[in-house]
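Some notes on the structure that comes next.
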Amino acid sequence: MLYKGIIFDLDGVICHTDKYHYKAWKKLADQIGVYFDRTINNRLRGVSRMESLEIILENYDGELTDDEKKTLAEQKNNYYRELLNNMSRADLSDEVYDTLIALRQAGCKLAIGSSSKNAGFILKKIGLGEFFDAVSDGNNISHSKPDPEVFLKAAEYINLAPAECLVVEDAESGIEAAINGGFDSAAIGDAVNCGKAMYTLRSIEDLKEIVII
Ligand code: BG6
Ligand code: MG
């Protein structure tokens with residue numbers, strides 16, 4: 001086996017919560033009269049909640065205090081949580097689930113490396129609450145992607161060195177974080193466009209061919 005551990009980003013890789021992030025930010029942006037579209041949204045992939053807000057506010061005319069920003073970020077999270085509430089096992093695709101099972105059966109350790117503070121809630125919703133060998137998320141880091149902290153912690157939790165792990169990401173910031181931490185990386189979705197990853201996945205199932213020799 002080429003890798004002993006696979007570290008998965010969550011939003012946009014394991015499940016499509018990225019579309020809910022977009023909807024929630026869009027609702028907030030409309031509310032405060034700030035222009036926001038899918039191109040700007042792609043810059044928020046992998047980035048923490050507060051840093052995402054700062055990117056959105058680049059188009060805001062005026063000054064906001066730290067408290068006002070905190071309130072806006074909380075509002076966005078409330079909109080987001082409303083959308084997450086409707087998630088269920090049906091939001092975990094067969095191809096993702098089958099790939100995870102195949103990798104585990106091949107002997108890989110499987111971890112989550114996500115910037116989200118909602119990761120545990122989402123995993124429970126889609127039926128993977130107890131599935132991963134380790135979860136490193138927005139609650140255990142102080143620097144978000146492209147800083148490698150979230151992946152370094154994930155590797156540490158599964159007792160592997162970065163060189164033994166592959167990171168799977170849909171965000172350019174996530175691919176950069178992997179590279180910064182000394183991990184090989186596989187890009188899926190939007191991250192393919194940055195051209196920085198070692199592997200490009202058309203579907204998550206491609207991982208089986210890369211990892212299981
Ligand atoms: C990442 C998403 O997984 O989590 C980002 O790609 C998001 O878009 C970040 O901003 C933080 O998420 P949360 O759930 O803590 O607001
Ligand atoms: Mg992502």
Side-chain angles (χ1 to χ4, degrees), residues 6-29 36-58 69-87 91-93 96 111-126 128 132 135-151 153-154 166-179 181 183 185-194 196-197 200-201 203-204 207:
I6 316 292
I7 304 173
F8 294 89
D9 171 52
L10 178 65
D11 298 322
V13 173
I14 296 294
C15 55
H16 286 293
T17 34
D18 48 338
K19 66 182 179 222
Y20 299 140
H21 274 298
Y22 171 74
K23 276 191 182 177
W25 281 125
K26 179 74 182 143
K27 187 169 174 180
L28 187 89
F36 180 64
D37 62 16
R38 288 184 189 277
T39 307
I40 300 170
N41 185 61
N42 281 336
R43 291 175 57 206
L44 313 182
R45 291 179 189 273
V47 173
S48 74
R49 197 180 306 162
M50 286 312 288
E51 286 168 306
S52 296
L53 178 65
E54 291 295 346
I55 291 172
I56 287 168
L57 292 177
E58 284 171 13
K69 287 180 187 173
K70 228 176 122 209
T71 303
L72 289 178
E74 271 167 23
Q75 264 174 2
K76 181 268 174 180
N77 195 48
N78 291 339
Y79 299 151
Y80 182 55
R81 295 279 294 211
E82 269 171 37
L83 296 166
L84 294 182
N85 251 329
N86 297 323
M87 288 184 88
D91 290 281
L92 177 65
S93 71
V96 169
I112 290 289
S114 164
S115 307
S116 174
K117 293 187 168 161
N118 293 298
F121 181 68
I122 295 165
L123 288 170
K124 232 178 255 161
K125 280 279 182 190
I126 61 174
L128 295 180
F132 288 92
V135 174
S136 172
D137 65 23
N139 299 298
N140 63 256
I141 54 168
S142 20
H143 306 287
S144 89
K145 303 165 187 177
D147 189 285
E149 185 181 9
V150 75
F151 295 139
K153 290 252 167 76
L166 178 69
V167 166
V168 187
E169 259 292 349
D170 74 316
E172 179 172 5
S173 63
I175 297 293
E176 287 172 350
I179 294 168
F183 297 87
S185 60
I188 192 163
D190 189 66
V192 169
N193 301 326
C194 75
K196 295 177 186 167
T200 290
L201 309 178
S203 142
I204 196 146
L207 276 179

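Order of appearance sets the numbers: ligands from 1, and atoms from 1 within every ligand. For clarity, every value in this text was computed on a predicted model and none was experimentally measured.
For atom 8 (O) of ligand 1, the closest non-hydrogen atom of the protein is L44 O, 2.9 Å.
Taking a cut-off of under 4.0 Å to the non-hydrogen atoms of D11, the atoms of ligand 1 that pass are 1 (C), 2 (C), 3 (O), 4 (O). Of all the atoms in ligand 1, the ones that sit under 4.0 Å from a non-hydrogen atom of S114 are 3 (O).
Within the set V47, V150, D137, the minimum heavy-atom distance to atom 10 (O) of ligand 1 is found for V47. Looking at M50, K145, R49, it is R49 that brings a heavy atom closest to atom 16 (O) of ligand 1.
The distance between the ring centers of Y79 and Y20 does not fall below 6.0 angstrom.
By the 30° and 60° cut-offs, the orientation of the rings of Y80 relative to H21 is parallel.
Under the 4.0 angstrom criterion for non-hydrogen atoms, L10 is not in contact with ligand 1. Ligand 1 lies within reach of G46, whose nearest heavy atom is under 4.0 Å from it. Using a non-hydrogen distance threshold of 4.0 Å, S52 registers as a contact of ligand 1.
At distances below 3.5 Å, at least one donor-acceptor pair connects side-chain atoms of E149 with backbone N or O atoms of H143.
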Verdict with supporting geometry, N118 and D11, side-chain hydrogen bond (donor to acceptor under 3.5 Å, both in side chains):
CA-CA 10 Å; N118 293 298; D11 298 322; over 6 Å; no
Pair S185-E169, side-chain hydrogen bond (donor to acceptor under 3.5 Å, both in side chains): steps then yes or no:
CA-CA 7 Å; S185 60; E169 259 292 349; over 6 Å; no
side-chain hydrogen bond (donor to acceptor under 3.5 Å, both in side chains) between S173 and E176, intermediate numbers included
CA-CA 5 Å; S173 63; E176 287 172 350; over 6 Å; no
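Other residues, nucleotides and ligands contribute over 12 non-hydrogen atoms within 6.0 Å of the NZ atom of K26. Atom NZ of K69 is surrounded by more than 12 heavy atoms from other residues, nucleotides or ligands within 6.0 Å.
Of the N or O atoms in W25, none lie within a sub-3.5 Å distance of an N or O in ligand 1. Here's the thing with S116: one of its N/O atoms is less than 3.5 angstrom from an N/O atom of ligand 1. For ligand 1, one of its N or O atoms has an N or O atom of K117 under 3.5 Å away. Checked against a 3.5 angstrom limit, the closest N/O atoms of Y80 and ligand 1 fall outside it.
The Mg ion (ligand 2) sits nearest to atom O when only the N, O or S atoms of D11 are considered. Considering just the N/O/S atoms of D170, the one nearest the Mg ion (ligand 2) carries the name OD1. No other N/O/S atom of D9 lies as close to the Mg ion (ligand 2) as OD2 does.
The pair R45-E172 fails the salt-bridge criterion, with no side-chain N (NZ, NE, NH1 or NH2) lying under 4.0 Å from an Asp/Glu carboxylate O. A salt bridge links R43 to E58: at least one charged side-chain nitrogen sits closer than 4.0 Å to a carboxylate oxygen.
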